Peer 1: 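First the structure, then my questions, so here it is.
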Amino acid sequence: MGRWRASLIVARIVSASKSINNLNINHNPPLRSPYSPLISERRNYFLNFRSFSALPSVFPRDAEEFDYGTHDFNRNGVLEEPCLENEEAGKIPVKAFFLCTSVDLKSMQAENSRYVIPQTSRSSNSIALRFRRPPWQTGVEVKENTSCYQYMVVYQYGSAVLFNVEDHEVDLYLQAVRQHATGLLTEMRKDDYAIKEKPLLVEDMQGGPDYIVLKNLDTDSIRIIGSVLGQSIALDYFVSQVDGMVEEFADINRGMEKTGTFTMNRKKLFQLVGKANSNIADVILKVGLFERSEIAWRDAKYAQILDYLREEYEITQRFGNLNFKLKFVEHNIHFLQEVLQNRKSDLLEWVIIVLLSIENVISLCEIVRDSIGTSV
């Protein structure tokens with residue numbers, strides 16, 4: 001009986017070895033999962049038999065029945081495919097735009113309510129939206145996987161910051177903002193940035209050239225980054241407006257240097273005064289350049305991100321330069337106002353002189369007439 005068992009075992013081993021050799025020769029190699037390693041170890045099937053049994057076992061007829069890929073399953077046993085978006089660069093692109101001077105956030109929130117992320121602070125000058133592709137028609141529920149989804153943060157003063165949006169998709173998002181915007185600019189301003197997410201990072205964040213590395217990218221991080229980029233791109237617009245006024249006053253001063261006078265009327269000067277005052281008011285009040293962030297106030301890691309980005313974009317220094325230019329404009333406005341006021345005073349003085357002269361002439365005529373009548 002023992003010899004019969006040994007001979008049966010040897011016969012099964014030889015039969016199995018022949019079957020495997022035939023598979024390697026006659027069949028195409030197994031299909032590889034796109035997520036499996038490019039180089040895998042060669043399997044030794046001779047040493048990987050299951051335990052022998054007297055019962056017959058089913059052996060696969062085709063090599064494709066073997067599963068060579070590696071798969072990840074969640075807690076519910078559902079297969080999860082890894083997100084390959086932006087895998088080549090390893091970065092999440094961030095694009096900031098300044099396209100108008102005001103956005104009606106209430107109407108935009110009502111129209112896109114299913115995409116709106118609930119506020120985590122009392123700030124009311126922005127809304128954050130999160131969606132899958134296509135952004136405005138799909139009703140698919142968004143999963144909590146930040147790097148695989150698209151975000152847009154819109155600010156009341158006219159900035160829109162897009163996260164994880166490709167260049168060919170930008171117009172779709174900006175068109176949704178334009179529908180609720182007023183004061184559209186003829187030339188839209190744009191700035192690019194990027195985010196890297198590294199869960200194994202020791203610190204909460206780390207800076208890099210034109211990008212920031214975060215240990216965990218969540219919606220609060222998106223709001224913090226969006227606020228700084230939105231303020232920065234808006235500040236660029238206001239600086240350009242003030243630069244235009246500085247250049248205009250420089251031309252006036254050069255003309256005064258050559259001719260000794262200037263031809264600006266009072267209405268034009270008042271328009272420049274209103275433009276300068278509205279720019280500084282928009283920067284401080286609407287953009288909220290010096291308002292504290294409640295998100296950064298609650299958590300130190302967000303405060304670290306905020307301080308780093310404000311320093312990276314030189315927000316304080318750029319506002320200082322803007323303020324200096326506005327003071328130059330203000331000084332020139334005061335000077336020209338005094339000149340116009342002196343002109344007006346001179347004109348009134350000449351009018352008074354003319355009126356007095358006319359009165360003297362009339363009085364002299366009356367005296368001559370009376371003297372002639374008396375002599376007659």
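These numbers come from a predicted model, not from an experiment. All heavy atoms count here, side chains included; hydrogens, waters and symmetry mates do not.
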Peer 1: Which pair of non-hydrogen atoms, one from S107 and one from H180, has the smallest distance, and what is that distance?
Peer 2: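 Closest approach of S107 to H180: OG-ND1, 2.9 Å.
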Peer 1: Identify the heavy atoms of L306 and S227 that sit nearest to each other, and give their distance.
Peer 2: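 Closest approach of L306 to S227, heavy atoms only: CD1-OG, 4.5 Å.
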Peer 1: Using the side-chain contact (heavy atoms from CB on, under 4.5 Å) definition, which of the options I233, V170, V154, V161 pairs with F97?
Peer 2: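 Of the listed residues I233, V170, V154, V161, the side-chain contact (heavy atoms from CB on, under 4.5 Å) partner of F97 is V170.
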Peer 1: Kindly check if the number of other-residue, nucleotide or ligand heavy atoms within 6.0 Å of CD (Q175) is above 12?
Peer 2: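 Counting neighbours around CD of Q175, more than 12 heavy atoms of other residues, nucleotides or ligands fall under 6.0 Å, so yes.
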Peer 1: Please name the pair of heavy atoms, one in G207 and one in Y308, separated by the smallest distance, quoted to 0.1 Å.
Peer 2: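 Answer, listing the atom of G207 first, then Y308: CA-OH, 3.1 Å.
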Peer 1: Rounded to the nearest 0.5 Å, how far does OG1 of T316 lie from CG of L289?
Peer 2: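 One gets 7.5 Å once the value is rounded to the nearest 0.5 Å.
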Peer 1: Is there a chain of hydrophobic side chains (I, L, V, M, F, W, Y, each step under 4.5 Å between heavy atoms) that links I362 to V354?
Peer 2: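 Same cluster.
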Peer 1: Show me the donor-acceptor pairs within less than 3.5 Å that the side chains of residues 273-284 make with the rest of the protein, sequence neighbours left out.
Peer 2:
{"unit_1": "N277", "atom_1": "ND2", "unit_2": "V273", "atom_2": "O", "d": "3.2"}
{"unit_1": "S278", "atom_1": "OG", "unit_2": "G274", "atom_2": "O", "d": "3.1"}
{"unit_1": "S278", "atom_1": "OG", "unit_2": "K275", "atom_2": "O", "d": "2.9"}
{"unit_1": "N279", "atom_1": "ND2", "unit_2": "K275", "atom_2": "O", "d": "3.2"}

Peer 1: Run the side chain to side chain donor-acceptor pair (under 3.5 Å) test on Q150 and Y173 for me, step by step, so that the C-alpha distance in whole Å, both residues' side-chain angles and the decisive distance to 0.1 Å come before the verdict.
Peer 2: CA-CA 10 Å; Q150 297 176 318; Y173 290 87; 2.2 Å; yes
Peer 1: Taking the six-membered ring of Y157 (Phe, Tyr or Trp), confirm whether the NZ or CZ of K286 is under 6.0 Å from its centre and within 45° of its axis.
Peer 2: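 No cation-pi geometry.
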Peer 1: Hydrophobic clusters here meaning ILVMFWY residues chained together by side-chain heavy-atom distances under 4.5 Å, can you tell me if Y211 and V228 are in one?
Peer 2: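 Different hydrophobic clusters.
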Peer 1: Does K215 use its side chain to pair, donor to acceptor, with the backbone of K198 at less than 3.5 Å?
Peer 2: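 Such a contact is absent between K215 side chain and K198 backbone.
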Peer 1: Hey, does the side chain of Y115 reach the backbone of A128 with a donor-acceptor pair shorter than 3.5 angstrom?
Peer 2: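 Side chain of Y115 to backbone of A128: no pair is present.
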Peer 1: Take Q179 and E111 through the side chain to side chain contact (heavy atoms under 4.5 Å, CB included) test and state the conclusion after the steps.
Peer 2: CA-CA 10 Å; Q179 293 176 0; E111 184 175 338; 3.5 Å; yes
Peer 1: Give the C-alpha distance, both sets of side-chain angles, the deciding distance and a yes or no for side chain to side chain contact (heavy atoms under 4.5 Å, CB included) between S240 and R189.
Peer 2: CA-CA 11 Å; S240 68; R189 294 186 170 270; 3.1 Å; yes
Peer 1: Students often mix this up, so state it plainly: with edges at 30° and 60°, are the rings of F290 and F319 parallel, tilted or perpendicular?
Peer 2: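 Aromatic pair F290/F319 classed perpendicular.
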Peer 1: Is there a side-chain contact between L185 and Y237 (heavy atoms, below 4.5 Å)?
Peer 2: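 A side-chain contact under 4.5 Å exists here.
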Peer 1: Looking only at atom types and distance, does a side-chain atom of E366 sit under 3.5 Å from a main-chain N or O of S363, one as donor and one as acceptor?
Peer 2: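 Checked: no pair found.
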Peer 1: After noting the C-alpha distance and the side-chain angles of K196 and L214, does the key distance pass the side chain to side chain contact (heavy atoms under 4.5 Å, CB included) rule?
Peer 2: CA-CA 6 Å; K196 282 187 176 182; L214 299 181; over 6 Å; no
Peer 1: Please determine whether residues F335 and L269 belong to a single hydrophobic cluster, defined as Ile, Leu, Val, Met, Phe, Trp and Tyr linked transitively by side-chain heavy-atom distances below 4.5 Å.
Peer 2: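 Yes, it is one cluster - the side chains of F335 and L269 are joined through contacts under 4.5 Å.
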Peer 1: What pairs of donor and acceptor atoms, side-chain ones from residues 320-331 against any protein atom, are under 3.5 angstrom apart with sequence neighbours left out?
Peer 2:
{"unit_1": "N321", "atom_1": "ND2", "unit_2": "Q317", "atom_2": "O", "d": "3.4"}
{"unit_1": "K325", "atom_1": "NZ", "unit_2": "D243", "atom_2": "OD1", "d": "2.7"}

Peer 1: Report yes if the side chains of N332 and I252 come closer than 4.5 Å at any heavy-atom pair, otherwise no.
Peer 2: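 No, every pair of side-chain atoms sits at 4.5 Å or beyond.
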Peer 1: For the side chain to side chain donor-acceptor pair (under 3.5 Å) test, which of R318, K190, Q241, Q231 pairs with D236?
Peer 2: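 Filter result, single survivor: R318.
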Peer 1: A side-chain contact here means heavy atoms from C-beta on lying under 4.5 Å apart; do L229 and Y193 qualify?
Peer 2: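 Sidechains of Y193 and L229: in contact.
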Peer 1: Given side chains that start at C-beta, do those of S357 and E359 come closer than 4.5 Å, heavy atoms only?
Peer 2: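 In short, these two side chains do not touch, never coming nearer than 4.5 Å.
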Peer 1: Would V239 end up clustered with V287 when hydrophobic side chains under 4.5 Å apart are linked, directly or stepwise?
Peer 2: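 Yes: a chain of side-chain contacts under 4.5 Å links V239 to V287.
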Peer 1: Tell me, with the steps shown, if D191 and F98 meet side chain to side chain contact (heavy atoms under 4.5 Å, CB included).
Peer 2: CA-CA 9 Å; D191 193 11; F98 188 80; over 6 Å; no
Peer 1: Hey, are R310 and S232 close enough side-chain-wise for a donor-acceptor pair under 3.5 Å?
Peer 2: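 On atom types as modelled, these side chains do not qualify, holding no pair under 3.5 Å.
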Peer 1: Just how far is it from atom CZ of R369 to atom CG of L364, taken to the nearest 0.5 Å?
Peer 2: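 If I round to the nearest 0.5 Å, the distance is 12.0 Å.
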Peer 1: Within the 4.5 Å heavy-atom criterion, are Q156 and I127 side-chain neighbours or not?
Peer 2: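 No, their side chains stay 4.5 Å or more apart.
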Peer 1: Using distance only, find each side-chain donor-acceptor pair of residues 292-302 under 3.5 Å and give its atom names and separation, not counting sequence neighbours.
Peer 2:
{"unit_1": "S293", "atom_1": "OG", "unit_2": "I295", "atom_2": "N", "d": "3.4"}
{"unit_1": "S293", "atom_1": "OG", "unit_2": "A296", "atom_2": "N", "d": "3.4"}
{"unit_1": "E294", "atom_1": "OE1", "unit_2": "R122", "atom_2": "N", "d": "3.4"}
{"unit_1": "E294", "atom_1": "OE2", "unit_2": "R122", "atom_2": "NE", "d": "2.9"}
{"unit_1": "E294", "atom_1": "OE2", "unit_2": "R122", "atom_2": "NH2", "d": "3.3"}
{"unit_1": "R298", "atom_1": "NH1", "unit_2": "T120", "atom_2": "O", "d": "3.0"}
{"unit_1": "R298", "atom_1": "NH2", "unit_2": "T120", "atom_2": "O", "d": "3.0"}
{"unit_1": "D299", "atom_1": "OD1", "unit_2": "K301", "atom_2": "N", "d": "3.2"}
{"unit_1": "Y302", "atom_1": "OH", "unit_2": "D218", "atom_2": "OD1", "d": "3.4"}
{"unit_1": "Y302", "atom_1": "OH", "unit_2": "D218", "atom_2": "OD2", "d": "2.5"}

Peer 1: When you measure from the side chain of S126 to the backbone of Y155, do you find a donor-acceptor pair of N or O atoms at a distance under 3.5 Å?
Peer 2: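 Absent.
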Peer 1: Go through it in stages, so that I can follow the logic: the residues are K95 and D167, the test is salt bridge (Lys or Arg N to Asp or Glu O under 4.0 Å), and I'd like the CA-CA distance, side-chain angles, deciding distance and then a yes or no.
Peer 2: CA-CA 9 Å; K95 299 176 176 64; D167 292 336; 3.5 Å; yes
Peer 1: Closest heavy-atom contact between A160 and L99?
Peer 2: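 Looks like CB-CD2, 4.2 Å.
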Peer 1: Side chains of I222 and V153: does their closest heavy-atom pair fall under 4.5 Å?
Peer 2: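 Contact flag for I222/V153 side chains = yes.
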Peer 1: With rounding to the nearest 0.5 Å, note down the distance linking OG in S221 to CD1 in I195.
Peer 2: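 CD1 of I195 is found 8.0 Å from OG of S221.
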Peer 1: Give, for atom CD of E312 and atom CG of D307, the distance between the pair rounded to the nearest 0.5 Å.
Peer 2: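 One finds 13.0 Å between CD of E312 and CG of D307.
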Peer 1: Between V94 and V213, is there a shared hydrophobic cluster once you connect ILVMFWY residues whose side-chain heavy atoms come closer than 4.5 Å?
Peer 2: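 V94 does not cluster with V213.
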Peer 1: Considering all heavy atoms of both residues, which atom of V177 and which atom of M108 are nearest to each other, and what is their separation?
Peer 2: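 Answer, listing the atom of V177 first, then M108: CG2-CE, 3.8 Å.
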Peer 1: For atom CD of Q271, is the number of surrounding heavy atoms from other residues, nucleotides or ligands below 6.0 Å larger than 12?
Peer 2: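 Enclosed.
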Peer 1: Would you compute the distance between atom CD1 of I92 and atom CD1 of I212 and round it to the nearest 0.5 angstrom?
Peer 2: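 Taking CD1 in I92 and CD1 in I212, the distance rounds to 12.0 Å.
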Peer 1: I need the L129 CG to L162 CG distance, nearest 0.5 Å.
Peer 2: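 Those atoms lie 10.5 Å apart.
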Peer 1: More than 12 foreign heavy atoms under 6.0 Å from CG of D210: is that the case here?
Peer 2: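 No.
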Peer 1: Does some side-chain heavy atom of L217 sit less than 4.5 Å from a side-chain heavy atom of F163?
Peer 2: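 Counting from C-beta outward, F163 and L217 never come under 4.5 Å.
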Peer 1: Minimum heavy-atom separation for R178 to L184, with atom names?
Peer 2: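 Closest pair (atom of R178, atom of L184, distance): CG-CD2, 4.1 Å.
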Peer 1: Does the side chain of I117 reach to within under 4.5 Å of the side chain of R223, using non-hydrogen atoms?
Peer 2: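 SC-SC contact between I117 and R223 confirmed.
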